[in-house]
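First up is the structure itself, then whatever we jot down about it.
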Amino acid sequence: MPLCLWISTALAALLAGSPLSAWAEGAEAKAVVAPAATAIEDAIPEGSLLTGRELYGRFLKNKLHAAVQRQRVTSTDPGGNAQESIFWVRWKDYRAREQDKIEGVLAKTILRFIDPPDLRNTGYLMIVRDDRSHDQFVYQPSERRVRRVNVKDATIAGTDYNFDDISYQDIEDADYTRLPDEEIQGLPVFVIEARLRPRADSRYSRTIKYIEKEHYVALRGRYWDRADVEIKEMIADVATIQEFGGFWVATRSRMTNLVEETFSETEVLHLDPNPEIAEQFFSVFRLQVLH
């Protein structure tokens, strides 16, 4: 039902039987008692009055502030050939708790491959900053050294994911527009378009996310490049949505590259929500020795 109709119906129900209703029927009314604001809000569906930015903020609040996660990604090329990768990721939001704050640092992520054998122990370290360009490092066992790199547009080991897809998101990275609500896999969803700002330093120009209304899990994501060509689509498996320490996560999803006609399916094998992660885990030195 359109929002304006919800509001008018709610007001009509609340005013029925009031002095105003009597006046409308020709009876003499001495005073009109307006319904309380809380009563109006209670008569309107959850989320109906929220803006795109407010809804996206709720989506970001459902993101873990820190995690240790192991996942498997199976990538399939246009010919149907599949390749499996297994890696673990640690990340931490340095704004989540006052005692963790480091000036100029928003978040840190470290990723280490377990399989396939030719990628084993290859690792990446990404430090997201708000005071200057982000720091990105790679360690490759064959070179036995850490190099500073720019992985902004790079895919993750030949999968259909890139580092933008797993990196930290900030509410200030985009401008948001709420689009008409829809339904995905039988569940009602909020639909939010985010137009990325230059500060986001992203390969995407805009995204549209379809966010499940109860737990604010993204069930679908669409991605456009800087030429405004839709290049990727993510679909989450509703049946795999689980709670981890008060946060809700879909443990299986598929990312499709619409240009290359390839896709990657990811499965979360292990997730430790909001653990205590020591700062030394996010150092260049640790990148070389962590196995």
Side-chain angles (χ1 to χ4, degrees), residues 1-3 6 41 44-67 69 71 89 91 93 95-96 106-107 128 160-197 200 202-225 228 230-256 258 263-268 271 273-274:
M1 181 183 295
L3 176 59
W6 270 102
E41 291 172 0
I44 296 173
E46 170 68 20
S48 294
L49 297 182
L50 297 178
T51 66
R53 180 186 174 91
E54 290 167 336
L55 289 171
Y56 208 89
R58 292 192 178 190
F59 163 67
L60 292 180
K61 283 184 179 180
N62 186 52
K63 295 287 188 180
L64 292 162
H65 303 310
Q69 177 174 310
Q71 60 191 61
V89 184
W91 75 83
D93 179 349
R95 302 188 308 174
L106 297 178
V128 180
D160 294 289
Y161 295 90
N162 60 43
F163 288 96
D164 266 2
D165 300 325
I166 65 169
S167 65
Y168 168 86
Q169 298 178 63
D170 185 77
I171 191 69
E172 302 300 336
D173 284 346
D175 297 303
Y176 305 92
T177 300
R178 179 172 181 177
L179 304 179
D181 294 358
E182 295 189 23
E183 193 172 279
I184 297 288
Q185 300 178 56
L187 294 179
V189 295
F190 299 116
V191 184
I192 312 299
E193 180 185 65
R195 290 190 173 268
L196 281 298
R197 296 175 178 174
S202 173
R203 70 172 304 197
Y204 304 125
S205 63
R206 63 187 176 105
T207 67
I208 295 180
K209 283 189 168 60
Y210 299 72
I211 301 170
E212 177 259 346
K213 292 186 176 183
E214 184 176 1
H215 304 301
Y216 293 90
V217 176
L219 302 185
R220 183 187 183 197
R222 300 168 64 192
Y223 305 82
W224 283 258
D225 66 11
D228 205 34
E230 187 174 5
I231 57 173
K232 292 167 66 173
E233 179 184 42
M234 184 280 296
I235 298 291
D237 184 350
V238 168
T240 69
I241 295 176
Q242 299 180 42
E243 181 185 8
F244 295 89
F247 296 82
W248 296 83
V249 176
T251 59
R252 290 185 182 178
S253 61
R254 172 185 285 205
M255 181 71 82
T256 301
L258 302 175
F263 64 89
S264 295
E265 296 178 325
T266 183
E267 178 183 3
V268 176
L271 178 58
N274 291 325

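For the single chain, residues carry numbers from 1 onward in sequence order.
Of the inter-residue distances, the one linking E233 atom CD with F263 atom CZ reads 13.0 Å to the nearest 0.5 angstrom. Between the CZ atom in R58 and the CD1 atom in I211 there is a gap of 11.0 Å [rounded to 0.5 Å]. Between atom CE of residue M234 and atom OG1 of residue T266 there is a gap of 11.0 Å, rounded to the nearest 0.5 Å. Rounded to the nearest 0.5 Å, atoms NZ (K232) and CG (L258) are 9.5 Å apart. Atom CD of E54 and atom CZ of R178 lie 9.5 Å apart (nearest 0.5 Å). Between the CG atom in D165 and the CG atom in D160 there is a gap of 9.5 Å [rounded to 0.5 Å].
Proximity of K213 to D181: side-chain heavy atoms (C-beta onward) are separated by under 4.5 Å at one or more points.
Salt bridge R53/E172: present, at least one basic N to carboxylate O contact under 4.0 Å. Salt-bridge check for D93 with K63: failed, with every basic side-chain N at 4.0 Å or more from each acidic carboxylate O.
Formation of a donor-acceptor pair under 3.5 Å by the S253 side chain with backbone atoms of I235 is not found in this model. N62 places a side-chain N or O within donor-acceptor distance of the main-chain N or O of W248, the cut-off being under 3.5 Å. The backbone N or O of E193 lies less than 3.5 Å from no partner atom in the side chain of R206, so there is not a single donor-acceptor pair.
Classification of the Y223-Y204 ring pair by plane angle, with boundaries at 30° and 60°, yields tilted.
Scored by the salt bridge (charged side-chain N to carboxylate O under 4.0 Å, His left out) test, R222 finds E230 as partners (sequence neighbours excluded).
Minimum interatomic distance between F59 and Y216 (heavy atoms only, all atoms of both residues): CD1-O, 3.4 Å.
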side-chain contact (heavy atoms from CB on, under 4.5 Å) between F244 and T251, worked out: CA-CA 11 Å; F244 295 89; T251 59; 3.9 Å; yes
